[in-house]
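Below, read A as the first sequence line, B as the second, and so on, with proteins coming before strands; counting in each chain starts at 1.
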Number of protein chains: 2
Amino acid sequence: MLDNRKKRILQAIIEEYIQTAEPVSSGMLSKKYDLNISSATIRNDMAELEYANFLDKPHTSSGRVPSGKGYRYYVNELLKDNNITKQEMQYIKLKLEQKVNEIEDLTKIATSTLSELTHYTSLAIGGTAISHNIEDIKFVLLGNRVLMAVILTDGGLIKETIIKFNADITEEQVRNINQIFNANLRGKSLAKIDKPMEEYIVSEMSYELQIIKPIIEQINEAILQNDDIYLEGTNRIFEMPEFKSYETARNFLNVIDTKGLVKELLNTGQGEEIHISIGDENQYIELKNLSLITFKNIVEGKEMGTIGIIGPTRMDYSKVVSIIKYMLKELND
Amino acid sequence: MLDNRKKRILQAIIEEYIQTAEPVSSGMLSKKYDLNISSATIRNDMAELEYANFLDKPHTSSGRVPSGKGYRYYVNELLKDNNITKQEMQYIKLKLEQKVNEIEDLTKIATSTLSELTHYTSLAIGGTAISHNIEDIKFVLLGNRVLMAVILTDGGLIKETIIKFNADITEEQVRNINQIFNANLRGKSLAKIDKPMEEYIVSEMSYELQIIKPIIEQINEAILQNDDIYLEGTNRIFEMPEFKSYETARNFLNVIDTKGLVKELLNTGQGEEIHISIGDENQYIELKNLSLITFKNIVEGKEMGTIGIIGPTRMDYSKVVSIIKYMLKELND
DNA sequence: TTTAGCACTCTTGTTATCTGACTGCTAACG
DNA sequence: CGTTAGCAGTCAGATAACAAGAGTGCTAAA
């Protein structure tokens, strides 16, 4: 589709623009980059790239700026994903080797490390336990009418939840519940504790319905629940010239501050390993000038959370993707 | 110190400035407020108020702006704390009556409600359990080397923590631990589980030191721990003209984004019910143009967390204090 | 096909000017 | 003696005119 020279020019423009945030001119390119062609030739190619919608022009006599289509082409065809330094690798290793008590802390560490290295805002949401299997499930009576359920999954996730009753629960009953649930559920997939499973348990377990039922409901909720949004480096946007304008900064903060929106953003992009969504591609207009890169932190097939990077469309995709790929590799050790 | 007319003028200037964020002029005051004096007289008084440092003047021919000392005088002497509408009361009631499973959720709800009603950014940190007494303490074995301790306090706080061991723990041992800890600690104040208590337990409990010791350490940490910072309404700053400038917005976001700083801010102001810190009064230069109002959410003598409101020095102190006072009353029901 | 050269365009920064909103001061007033 | 009308003086902010500079598109030659 694009000849080699045009590809090189497009790549140079995008990389230059990512660095400087200024429209890129033909003269600049021919001087700074070793393309061995004159600015006039570059101008001709730029005109064609603009005609083909890979580039935009803020006004008649200005340099060129990559368009959404341009970025997409760059990400799909030209992106190098080994753009990572020794120091960065070491830093990631260092951070991820920290001792953590709960697996969710690892997601937090990964998120903050990502923000530190890329200088973009990063966000994360804890994983649901749905892809995990139950390894152990324990019930603890707190007071007389409050029961706490602690679920340990084979992925190492620990989910606690609290169930309140209207009547007193005896230690005897707790022992029964403990036994029944473990006998029936240990080793089973959590994905199955839903309606049909509930019926199964209720019928199989042959234990007082008014106790079993609220427990199952609450556990179900705890499994699906991933409400804790983790945000790191919100103030990083002030390092970037596109957010010097009041409107863009405001818009960005609005997106970040809307918890429901952040949750949805992190929960899209199911299939792929790393999901990149550039400006207009995003389904929310609020994000039309922003790009979002998300990936699931999957360790040994178990989902541990979703992490994302959000920044201007002029994002250093190469750096971000390189760092994420390395991090994913390290997380799996 | 100030005669009545000067007080009225100062109050009018502050309230006008809080509303408009524009320097207040003498002509404006004599027209809009029913002071029954001419603008010339107001000008004379304003000059004296400025000389006494209650007011500042951005430049020679501009109106007046309250100084830090002015706001302080207003807060101490002129502030009305019943500046709350029926609707606001109802809204607070409605929000606080929601069923919550954990007491900490109540702090979150209070925080977000506060931000919604005042239109300022609000922040909160969960309470340490230090002022509470132990009501129940349970240990749960998760896997072979992971022990979870769940502590229930008389204030209704539930603190969980995880202890990892290098050797396997038997169910037998867990039963022992359960018994020992409950026998020794139930009803005791959590403030006492520190070094001397540790020695006491170790000597009294006469149980394997290599098991007891890490448990006590970890529990101690869990009691003191209040790391979860809760932030609501960060984007609210964009509603306020003082943050239209890049620098002020950036500074604000930097403060908010620095978790350590936020923690410290919320942990100052011990004694009073409601602690107000205006601009310069604050010990951090980053906050010199900001005001902070904090209060501890104390229910029946037990600390449940600290909540704060942060905004420009031109904050609607009257409204914020009124709402907080009402909220505190409701929280205690 | 590539390139040098040049006219044309448009943004950005600078300076000058004008307008309007205030204040401070003076002198008159009750 | 406190209060007020009147007026000169000050300064921020808006507007316009202008100059400089960066870049493009096009033409014609290599």
- Task: Return yes when atom CG of A:D34 has more than 12 non-hydrogen atoms of other residues, nucleotides or ligands closer than 6.0 Å, and no otherwise.
- Result: no
- Task: Please work out which residues in residues 34-42 of chain A have a non-hydrogen atom less than 4.0 Å from an atom of DNA chain C and list them by number.
- Result: A:I37, A:S38, A:A40, A:T41
- Any ion pair linking B:E77 and B:K7 (charged N to carboxylate O, less than 4.0 Å)? no
- Query: Does B:Y74 reach the side chain of B:L10, with side-chain heavy atoms less than 4.5 Å apart?
  - Reply: no
- Item | Geometric cation-pi criterion B:K259 and A:Y230, 6.0 Å radius, 45° cone | yes
- Within residues 47-66 of chain A, those residues having any heavy atom closer than 4.0 Å to DNA chain C are A:H59, A:T60, A:S61
- Answer yes or no: is there an ion pair linking B:E239 with B:R236, defined by an N-O contact shorter than 4.0 Å? yes
- Length of the NZ-P vector between A:K32 and D:dG23, whole Å: 12 Å
- Message: Taking the six-membered ring for Trp, are A:Y246 and B:F238 closer than 6.0 Å centroid to centroid?
- Response: yes
- Nt span of DNA chain C in reach of chain A heavy atoms at under 4.0 Å, 5' end first, is C:dT2 to C:dT11
- Message: Evaluate A:N53 against A:S67 for side-chain hydrogen bond (donor to acceptor under 3.5 Å, both in side chains), listing each step before the verdict.
- Response: CA-CA 7 Å; A:N53 277 122; A:S67 69; 6.0 Å; no
- Message: Tell me if the side-chain of B:R43 makes a donor-acceptor pair with the base of D:dG6, cut-off 3.5 Å, by modelled atom types.
- Response: yes
- Calculate the interatomic distance between A:M46 atom CE and D:dT24 atom C1'; express it in whole Å. 9 Å
- Query: Is B:D56 salt-bridged to B:R64, cutoff N-O under 4.0 Å?
  - Reply: no
- So, is the end of the B:K325 side chain (NZ or CZ) under 6.0 Å from the ring centre of B:Y317 and within 45° of the ring's axis? no
- Task: Measure the CG-CD1 distance between B:L231 and B:I125 for me, rounded to the nearest 0.5 Å.
- Result: 11.0 Å
